[in-house]
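Have a look at the structure below, then the notes.
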2 protein chains.
Amino acid sequence: MSQQFRAGPVDTSDSPFAHWRTMPLGSVSLGEGFWKQRQELNCRVSLRHGYRMLEAAGNFHNFRLAAGLAEGSYRGRNFLDSDVYKWLEAAAWELANGSDAELYHMASDAIGLVEAAQCADGYLNTYYQTAEQGRRWTDMDHGHELYCAGHLFQAAVALQRAIGDDRLMQVARRFADHIYSVFGPTGREETCGHPEIEMALVELYRSTDERRYLELTELFIERRGRKKMVGLGAYGPEYHQDHVPVREAQEATGHAVRQLYLTTGVTDLYLETGEDALIQAMERLWSDIVGRKLFVTGGVGSRLDGEAFGDPYELPSDQCYCETCAAIANAMWNWRMLLASGDGRFADLIEHTLYNSILCSPSLDGWHYFYMNPLMVRSAEYMRISTNPPPGETSSEPGRPKWHDVACCPPNVMRILASLAHYVATYEDHGLQIHQYLPSDISWERAKGQKVNLRLSTNMPWDGQTTIEIRESDRNPWSLRLRLPSWTHAATVALNGHVIEAPVIERGYIVLERTWEAGDRIQMDLQVAPMLIEANPRVDATRSSVAVQHGPIVYCLEDQDQKGASNLLDIQIDTRTPLQAEWQPDLLGGVMVIEAQGYLLDSAAWEGHLYKPLGQNARAIRQSIRLVAIPTKPVAVSCQPDSHAPPDW
Amino acid sequence: MSQQFRAGPVDTSDSPFAHWRTMPLGSVSLGEGFWKQRQELNCRVSLRHGYRMLEAAGNFHNFRLAAGLAEGSYRGRNFLDSDVYKWLEAAAWELANGSDAELYHMASDAIGLVEAAQCADGYLNTYYQTAEQGRRWTDMDHGHELYCAGHLFQAAVALQRAIGDDRLMQVARRFADHIYSVFGPTGREETCGHPEIEMALVELYRSTDERRYLELTELFIERRGRKKMVGLGAYGPEYHQDHVPVREAQEATGHAVRQLYLTTGVTDLYLETGEDALIQAMERLWSDIVGRKLFVTGGVGSRLDGEAFGDPYELPSDQCYCETCAAIANAMWNWRMLLASGDGRFADLIEHTLYNSILCSPSLDGWHYFYMNPLMVRSAEYMRISTNPPPGETSSEPGRPKWHDVACCPPNVMRILASLAHYVATYEDHGLQIHQYLPSDISWERAKGQKVNLRLSTNMPWDGQTTIEIRESDRNPWSLRLRLPSWTHAATVALNGHVIEAPVIERGYIVLERTWEAGDRIQMDLQVAPMLIEANPRVDATRSSVAVQHGPIVYCLEDQDQKGASNLLDIQIDTRTPLQAEWQPDLLGGVMVIEAQGYLLDSAAWEGHLYKPLGQNARAIRQSIRLVAIPTKPVAVSCQPDSHAPPDW
């Protein structure tokens, strides 16, 4: 297999400390279903829309300006280059999914602009080449130069791996070499306020075998935690995770995306170096997040202020941030933790995050995006105020805007949707592991000429039936590991029609080992029933509340669906009456709706009052009502009906 | 009575639309007790400390710089002048409470600096005279020029009324006249991003009878609501209350201090003009706040982001702002609403705010202040991050800092504590009204030679016994109104030892009318018992929670007081067992402590888990514990022990 086609976004095929190895690109192809549908929309609508927005918001203009191909001044914030790189990465993975001449030409034009903008010495950042000439590397805390470089490297790796186009790889290597000359072992002892380059340099190392790139990652990680960064607003160095060296970190703190891009890079470094102190620190931070700082949706970032992690158990439904990029960063980190450990809890969290904290960002029409994803929204007015509006607009309509002033999230969603197949399976010498249940064909070449091929069929997330058909296998025994999702209460597995009693379960996976033959058929039946979830009582914000979950999906109650109730806060659920799931083919493109028995309580006694002595205020049940919940979609207001394409596309 | 001594901070003695009239300065003098003790500390420690901080933070330096008496550059934010003016206002009211040569000299020196800094044309703002020369009035949204002018006018009025010193009044009038020339009826149709000058100009009008000042207030109020201001952060014009004309406002929105200084000025304007549309708008906003946006402590400002009002019922205990200045602004506004209406609910809210949202800011040592006053604090770390630190420090120790980078709150507390006597009583032709129960001697000259004198004795807030002794009265009948606080369940009033059956109660006041004689003695007994308060169920943040209140004071549980419990969130109160109040003379200067029966719940089942299916997680009671609550003091961490003076004072 040639170098460029060997991997998706992460390549642990040669990583000495990888427990499991990533599959070659193209070895998993998605079949029709829930995710394929969204991936196609991503390619057909979102990427086109993104390209136009990058033109409209000035991102391409900035490259032309730096290349001397346009006049005027730099537009937007100082990190706008990164949106182009993330879009290019997304385009690369979509081009690997299937040929698309129009998309290729768009990408090719964008690559040309990037090439043209690069300085002779390899430096590349259109903001510092135009708006702040002569001030390279003067604002390490907030300048985002290395952050943008990281996204460039990831795009370059993607284009080379996906379509064998190494034009951007040349640009990336020149810039990486320049960065090494400035920040290498004998250079400036500094690092970037926004982590991102760490993981990108590891991937560049994996693609090029150039050890200096790995060395740079190690230096950048070591240089963090020296309390030199000023922070932002009321935050000190913890905003940038500069308050403590990475190896000594005890808690997830500060800006959530920064924290999670950092942990992703650190875990990548561990995969190459195997340093215990790194993975132990990562385990501590993971336990802190999952045990104390994670929303029920898998979202992270408790505070608007600083877009930051909060205190332990500080998990407010309404004023949380839950940035889409933070969820994506968390999924990316958990993927590397899974590759490092072989522990299913990381794959579980990826699934939960994908369904509930990433997929809620894009609209069903594919060209509107949430940046923040609060779990509770009281009014349309609130959405308008808190949504990061499109460039040039001070506020936007309720609902998802079509782009953002800070547009990190939309192309981040695009690149993860484009590369979904990457996260389905892994392998090691003796077997194959299936982590995410998406309809797919999976090929695996165990060794020269020893081919395995299987087909996974499923209707997840709507039911728990999954069939795996072995279509080809050599005659040596190998193990198949199937993740047992944490949301199921009971599972049965049958091989060729015979239920396997007490199957082996290891670290969250059902392990099936045998000499497989073509035609072997595994049927896994995961019990899926709607359920009520409660939070640790220390999470005071959701005291005496429940969430509705069905399979991996956390559900949402919108006031417009609750007939007879004008305010969701006057509603109480009857937790003793079983929930009911009902498939509604015409709603939101086909979804399972959950219905519950509830009560509408009399609010008259409290009209105009906020506080009263306890015990005088029993509220009568005004009527029984049927509560209706739909899959996570954090809007409590009527949005414009989703249409199928941008109006002037 | 001479002009200068006729009033405290507000003078409605001639206001045509005042329901009740403010008392002349000096006609209420506080006796020993809860508040007098704090007022004395304010004078003896806080004002001295403030003076030194104004020197240390550069406020005085900025005036010297503008006057050509110092070299260097402007220090601090662009509104630092206002801190000097608020300190001067506080000093004026303290000087009216009793002579103090040292304080007088401090004030006199500060007045001298202000005089020296004024421009020849009357303009005065040290920031725009030094750091941004030639840029007067170029940043109406955030420049704070008219805001600072307002505080100057209030200080000038105070100095003239309190000690007959009209040096600052001359400065104020020159500046006000200059402002009229720039922003008057034929001038620039703009107003200030931070309301404050509105109420100040009305008071300047009341002190000078110069109608143009009232006219300016009207213009500034009319010019707000044209959606010209940009807002701040994610907020649009609603941040500055510029989204809707004042007369059409339906809701309290945006930056809380701005909103409440605005409503204060609008109510002052109503007191002079009687325009119905103004008072109706004020009633709507008041109902919105009290019915939907007020914390149980009387605090306001639900969001850190924008220091702003939130959505209706958005009242989180932890991440709220509850700025001290917002509480003070609310008390100032309610005072004017009371003067306009004669309705006791406004005086009730003043009492509640004083005890629970203003008094929590200063430490018992008098020289440390909270800026934010969240109702729940999880950890010392949180306090460190969110506290607005002293100038030059990026963060401060847990607990109250000695000053702040934005130091609006400390001198605001100083001026309200200095002028407390102003808020005790009012009068109208036929009677006297008592609003706040502070030990005090009250004189009232009904008409030339018709003197009334009475003494109020009370141990409030700790018990509900109040005695009023008529010490002098003429022979005409007059009415005495005594506010019936909303926190009492039962009250009895006795006259000369005889209980009055079914006393007349009007709009929150017990009305006693007769021909009073020296020696008449009224005994009011308000039932005070510790009670549990619950919130409107729409306040989801405090769902299934109770607050402890005793008399006007809302209580606080600190983890260090709960023996056996390491985390307050593992505690549950037993609401069926009666609470017990116990006087502890040695704690915090003598306080009533409330004890409750509670349980420490087992947290082992949830260790490391955030979410579980409902119903599998019953928590056992590990032990019964005695819960101990102290008066509101929003720190859940050990502070340095309060000492009695600044260390190097």
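To find a chain, count down the sequence lines: A is the first, B the second, and so on, and within it residues start at 1.
In this structure, the portions of A/P613 lying under 4.5 Å from any heavy atom of chain B include both its backbone and its side chain. With a 4.5 angstrom heavy-atom cutoff, B/S302 does not touch chain A via any of its atoms. Only the backbone of A/I289 comes within contact range of chain B, judged by heavy atoms closer than 4.5 Å. The part of A/N567 that comes within reach of chain B is its side chain, from C-beta onward, which places non-hydrogen atoms under 4.5 angstrom from that chain. Neither the backbone nor the side chain of A/S287 comes within contact range of chain B; no heavy atom of the residue lies under 4.5 Å from a heavy atom of that chain. Residue contact with chain A, scored on non-hydrogen atoms closer than 4.5 Å, is absent for B/Y239. For A/A541, the part lying near chain B is the backbone, with the side chain staying farther off; criterion is any non-hydrogen pair under 4.5 Å. Of the atoms belonging to A/T542, it is backbone heavy atoms, and not side-chain ones, that fall under 4.5 Å from chain B.
No other option in B/V539, B/L315, B/D570, B/V546 has as many heavy-atom pairs under 4.5 Å with chain A as B/D570. The candidate from B/M531, B/R292, B/K293, B/Q549 with the greatest count of non-hydrogen atom pairs under 4.5 Å with chain A is B/R292.
The aromatic rings of B/Y371 and B/Y321 stand perpendicular to each other, their planes meeting at an angle above 60°, with 30° marking the opposite boundary.
Using a 4.5 Å cut-off on side-chain heavy atoms (C-beta onward), A/V290 and A/L349 make contact.
Between B/E283 and B/R345 a salt bridge is recorded (basic side-chain N to carboxylate O distance below 4.0 Å).
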